[in-house]
Amino acid sequence: MAETAGIRNGSGMTVYFSGTDGSEVIVDHITDFTYTVNVDMVDISTKNNDGYQASLPRQKSASLSLTAFYAVDATNGYEELVTAWLAGTKQYVKVTSVDYDSAGVATEHVDDKKYEFAAYIESVELSAGTEDNATYTVNFRSEGAITQTTITA
(Lines give C-alpha, C1' and ligand atoms only; values in the text may rest on other atoms or scores of the structure.)
Protein backbone atom coordinates (compact mmCIF):
# COMPACT_ATOMS: atom_id res chain seq x y z
CA MET A 1 0.00 0.00 0.00
CA ALA A 2 1.37 3.43 -0.89
CA GLU A 3 1.17 6.65 1.05
CA THR A 4 -2.12 8.46 0.42
CA ALA A 5 -1.57 10.90 -2.45
CA GLY A 6 -3.24 14.24 -3.00
CA ILE A 7 -5.54 16.22 -0.77
CA ARG A 8 -6.71 14.18 2.22
CA ASN A 9 -10.32 13.62 3.11
CA GLY A 10 -10.55 14.59 6.78
CA SER A 11 -12.79 11.60 7.52
CA GLY A 12 -9.75 9.36 7.10
CA MET A 13 -7.90 11.09 9.94
CA THR A 14 -8.62 10.29 13.58
CA VAL A 15 -7.38 10.46 17.17
CA TYR A 16 -6.58 7.63 19.56
CA PHE A 17 -5.95 8.00 23.30
CA SER A 18 -5.27 5.89 26.38
CA GLY A 19 -3.81 6.09 29.85
CA THR A 20 -1.40 3.32 28.83
CA ASP A 21 1.17 3.69 26.06
CA GLY A 22 0.58 1.17 23.29
CA SER A 23 -3.10 0.53 24.08
CA GLU A 24 -4.65 3.63 22.50
CA VAL A 25 -8.26 3.46 21.25
CA ILE A 26 -10.19 5.69 18.85
CA VAL A 27 -12.19 8.51 20.41
CA ASP A 28 -15.86 7.62 19.83
CA HIS A 29 -18.07 9.91 17.73
CA ILE A 30 -15.31 12.42 16.90
CA THR A 31 -16.41 15.12 14.48
CA ASP A 32 -13.24 17.17 14.06
CA PHE A 33 -9.86 17.90 15.56
CA THR A 34 -6.96 20.31 15.29
CA TYR A 35 -3.41 19.05 15.86
CA THR A 36 -0.82 21.77 16.32
CA VAL A 37 2.95 21.59 16.74
CA ASN A 38 4.79 24.61 18.14
CA VAL A 39 8.24 25.81 18.95
CA ASP A 40 8.86 28.55 21.50
CA MET A 41 11.13 31.22 20.10
CA VAL A 42 13.52 33.21 22.27
CA ASP A 43 14.49 36.74 21.34
CA ILE A 44 18.24 37.18 20.77
CA SER A 45 18.04 40.67 19.27
CA THR A 46 20.93 43.02 19.83
CA LYS A 47 21.78 46.51 18.69
CA ASN A 48 23.78 44.88 15.89
CA ASN A 49 20.58 43.58 14.21
CA ASP A 50 19.86 46.94 12.48
CA GLY A 51 16.39 47.14 14.03
CA TYR A 52 15.39 43.61 13.03
CA GLN A 53 14.34 40.97 15.51
CA ALA A 54 16.53 37.89 15.82
CA SER A 55 15.21 34.65 17.31
CA LEU A 56 16.23 31.09 18.05
CA PRO A 57 13.98 28.06 18.51
CA ARG A 58 13.79 26.52 21.99
CA GLN A 59 11.18 24.11 23.36
CA LYS A 60 8.86 22.16 21.07
CA SER A 61 5.33 21.14 21.99
CA ALA A 62 2.13 19.77 20.52
CA SER A 63 -1.48 20.40 21.32
CA LEU A 64 -4.64 18.70 20.22
CA SER A 65 -8.20 19.96 20.40
CA LEU A 66 -10.99 17.58 19.43
CA THR A 67 -14.75 17.78 19.29
CA ALA A 68 -17.06 14.78 19.47
CA PHE A 69 -20.71 13.98 20.02
CA TYR A 70 -21.58 13.18 23.63
CA ALA A 71 -23.00 9.67 23.99
CA VAL A 72 -23.59 8.16 27.43
CA ASP A 73 -22.93 4.67 26.08
CA ALA A 74 -19.66 5.56 24.29
CA THR A 75 -16.83 3.22 25.20
CA ASN A 76 -14.09 5.80 24.57
CA GLY A 77 -15.70 9.18 25.00
CA TYR A 78 -16.58 12.02 27.32
CA GLU A 79 -16.85 10.03 30.55
CA GLU A 80 -13.45 8.36 30.07
CA LEU A 81 -11.78 11.66 29.19
CA VAL A 82 -13.32 13.51 32.17
CA THR A 83 -12.22 10.66 34.44
CA ALA A 84 -8.65 11.03 33.12
CA TRP A 85 -8.81 14.82 33.57
CA LEU A 86 -10.12 14.52 37.16
CA ALA A 87 -7.36 12.04 38.04
CA GLY A 88 -4.66 14.04 36.25
CA THR A 89 -3.73 10.88 34.36
CA LYS A 90 -1.16 11.20 31.62
CA GLN A 91 -2.66 10.24 28.27
CA TYR A 92 -0.97 8.75 25.25
CA VAL A 93 -2.26 10.34 22.08
CA LYS A 94 -1.96 9.23 18.47
CA VAL A 95 -3.04 11.26 15.44
CA THR A 96 -3.20 8.99 12.41
CA SER A 97 -4.87 8.16 9.11
CA VAL A 98 -7.18 5.18 8.88
CA ASP A 99 -9.18 3.13 6.43
CA TYR A 100 -12.62 1.87 7.50
CA ASP A 101 -13.94 -1.50 6.39
CA SER A 102 -17.61 -2.22 5.61
CA ALA A 103 -18.27 -2.91 9.31
CA GLY A 104 -16.81 0.47 10.29
CA VAL A 105 -13.66 -1.00 11.82
CA ALA A 106 -10.64 1.29 11.45
CA THR A 107 -7.19 0.12 10.38
CA GLU A 108 -4.24 2.50 10.16
CA HIS A 109 -3.36 3.31 6.55
CA VAL A 110 0.03 1.71 5.83
CA ASP A 111 2.77 4.07 4.57
CA ASP A 112 1.03 7.23 5.87
CA LYS A 113 2.48 9.17 8.81
CA LYS A 114 1.29 9.06 12.40
CA TYR A 115 2.11 11.40 15.27
CA GLU A 116 2.35 10.24 18.88
CA PHE A 117 2.96 12.01 22.16
CA ALA A 118 2.21 11.83 25.87
CA ALA A 119 -0.11 14.57 27.07
CA TYR A 120 -2.24 15.88 29.87
CA ILE A 121 -5.82 17.00 29.39
CA GLU A 122 -6.00 20.76 29.86
CA SER A 123 -9.75 21.17 29.57
CA VAL A 124 -13.01 19.41 28.79
CA GLU A 125 -16.04 21.42 27.69
CA LEU A 126 -19.55 20.00 27.33
CA SER A 127 -22.00 21.89 25.10
CA ALA A 128 -25.72 21.15 24.93
CA GLY A 129 -27.90 23.57 22.96
CA THR A 130 -31.69 23.39 22.83
CA GLU A 131 -32.81 20.65 20.43
CA ASP A 132 -29.20 20.17 19.30
CA ASN A 133 -26.75 17.31 19.59
CA ALA A 134 -24.68 17.48 22.76
CA THR A 135 -20.97 17.76 22.00
CA TYR A 136 -17.78 18.06 23.97
CA THR A 137 -14.36 19.52 23.28
CA VAL A 138 -11.16 18.22 24.85
CA ASN A 139 -7.77 19.96 24.79
CA PHE A 140 -4.54 18.01 25.23
CA ARG A 141 -1.05 19.48 25.74
CA SER A 142 2.06 17.41 25.12
CA GLU A 143 4.47 16.30 27.80
CA GLY A 144 7.78 15.15 26.37
CA ALA A 145 8.83 14.04 22.91
CA ILE A 146 6.60 14.08 19.84
CA THR A 147 7.27 11.35 17.29
CA GLN A 148 6.44 11.17 13.60
CA THR A 149 6.67 7.68 12.12
CA THR A 150 5.51 5.85 9.04
CA ILE A 151 2.69 3.38 9.59
CA THR A 152 3.77 -0.20 8.89
CA ALA A 153 1.74 -3.35 8.45
Side-chain angles (χ1 to χ4, degrees), residues 1-44 55-101 103-129 132-153:
M1 203 179 264
E3 181 175 21
T4 305
I7 298 171
R8 295 300 312 262
N9 179 331
S11 295
M13 304 291 298
T14 197
V15 175
Y16 288 68
F17 79 100
S18 176
T20 307
D21 194 14
S23 64
E24 297 85 1
V25 292
I26 289 180
V27 177
D28 289 336
H29 309 298
I30 191 168
T31 60
D32 62 84
F33 69 87
T34 302
Y35 169 63
T36 306
V37 289
N38 297 301
V39 64
D40 292 333
M41 301 297 286
V42 64
D43 186 357
I44 59 164
S55 303
L56 284 175
R58 293 293 186 217
Q59 295 178 314
K60 295 177 184 173
S61 65
S63 62
L64 176 78
S65 177
L66 68 85
T67 302
F69 289 122
Y70 173 71
V72 176
D73 60 349
T75 304
N76 309 307
Y78 177 80
E79 302 301 337
E80 291 72 23
L81 289 161
V82 167
T83 298
W85 176 80
L86 285 168
T89 306
K90 183 188 297 186
Q91 296 297 296
Y92 295 90
V93 178
K94 177 169 53 175
V95 176
T96 189
S97 65
V98 295
D99 293 316
Y100 291 94
D101 65 17
V105 176
T107 304
E108 288 187 277
H109 189 274
V110 174
D111 293 331
D112 280 2
K113 301 286 189 243
K114 65 181 172 180
Y115 307 90
E116 297 177 280
F117 57 96
Y120 286 96
I121 298 172
E122 285 188 294
S123 63
V124 182
E125 177 182 303
L126 180 61
S127 300
D132 199 1
N133 294 320
T135 62
Y136 65 93
T137 301
V138 179
N139 294 298
F140 296 87
R141 183 177 301 246
S142 67
E143 183 278 321
I146 303 150
T147 62
Q148 174 192 33
T149 56
T150 300
I151 300 165
T152 57

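In what follows, residues are counted from 1 in the order of the sequence shown.
Judged as a salt bridge (charged side-chain N to carboxylate O under 4.0 Å, His left out), the pairs with a partner in residues 8-19 (not counting sequence neighbours) are, in order, R8-D112. Evaluation of the salt bridge (charged side-chain N to carboxylate O under 4.0 Å, His left out) test over residues 138-153, restricted to residues two or more places apart or in two chains, returns K90-E143, E122-R141. For residues 11-25, the pairs satisfying side chain to side chain donor-acceptor pair (under 3.5 Å) are N9-S11, S18-S23, with sequence neighbours left out. Note on residues 60-71: pairs passing side chain to side chain donor-acceptor pair (under 3.5 Å), not counting sequence neighbours, are S65-N139, T67-T137, Y70-E79. Applying the ring pair (Phe, Tyr, Trp, His ring centres under 6.0 Å) rule to pairs touching residues 133-153 yields Y78-Y136, sequence neighbours excluded.
Taking both residues in full, the closest heavy atoms of A68 and I30 are given as CB-CA, 3.6 Å, listed atom of the first, atom of the second, then distance. In terms of heavy atoms, I151 sits closest to H109 at CD1-O, 3.4 Å. When all heavy atoms of R58 and V42 are compared, the pair lying nearest together is NE-CG1, 3.1 Å. In terms of heavy atoms, Y35 sits closest to A62 at CE1-CB, 4.0 Å. When all heavy atoms of A106 and Y100 are compared, the pair lying nearest together is CB-CE2, 3.5 Å.
In this view, D73 and A71 satisfy the side chain to side chain contact (heavy atoms under 4.5 Å, CB included) rule, not counting sequence neighbours. Evaluation of the side chain to side chain contact (heavy atoms under 4.5 Å, CB included) rule for V105 yields D101, A103 as partners, not counting sequence neighbours. Applying the side chain to side chain contact (heavy atoms under 4.5 Å, CB included) rule to T149 yields the partners K114, E116; only residues at least two apart in sequence or on another chain are considered. With sequence neighbours left out, D40 forms a side chain to side chain contact (heavy atoms under 4.5 Å, CB included) with Q59. By the side-chain hydrogen bond (donor to acceptor under 3.5 Å, both in side chains) test, Y115 pairs with Q148, sequence neighbours left out. Judged as a side-chain hydrogen bond (donor to acceptor under 3.5 Å, both in side chains), and not counting sequence neighbours, T36 has no contacts.
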For this session: Begin with the C-alpha distance, continue with both residues' side-chain angles, and end with the deciding distance and a verdict on side chain to side chain contact (heavy atoms under 4.5 Å, CB included) for V15 and K94.
Result: CA-CA 6 Å; V15 175; K94 177 169 53 175; over 6 Å; no

Exercise. For I26 and N76, what are the C-alpha separation, side-chain angles and deciding distance, and is it a side chain to side chain contact (heavy atoms under 4.5 Å, CB included)?
Worked result: CA-CA 7 Å; I26 289 180; N76 309 307; 5.8 Å; no

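How far OG1 of T135 is from CG of L126: 7.5 Å, rounded to the nearest 0.5 Å. Rounding to the nearest 0.5 angstrom, the gap separating the CD1 atom in I146 from the CZ atom in F117 is 7.0 Å. The structure places CG of L66 at 7.0 Å from CG of L81, a figure rounded to the nearest 0.5 Å. Rounding to the nearest 0.5 Å places OH of Y120 at 8.5 Å from OG1 of T89.
E80 places a side-chain heavy atom less than 4.5 Å from the side chain of F17.
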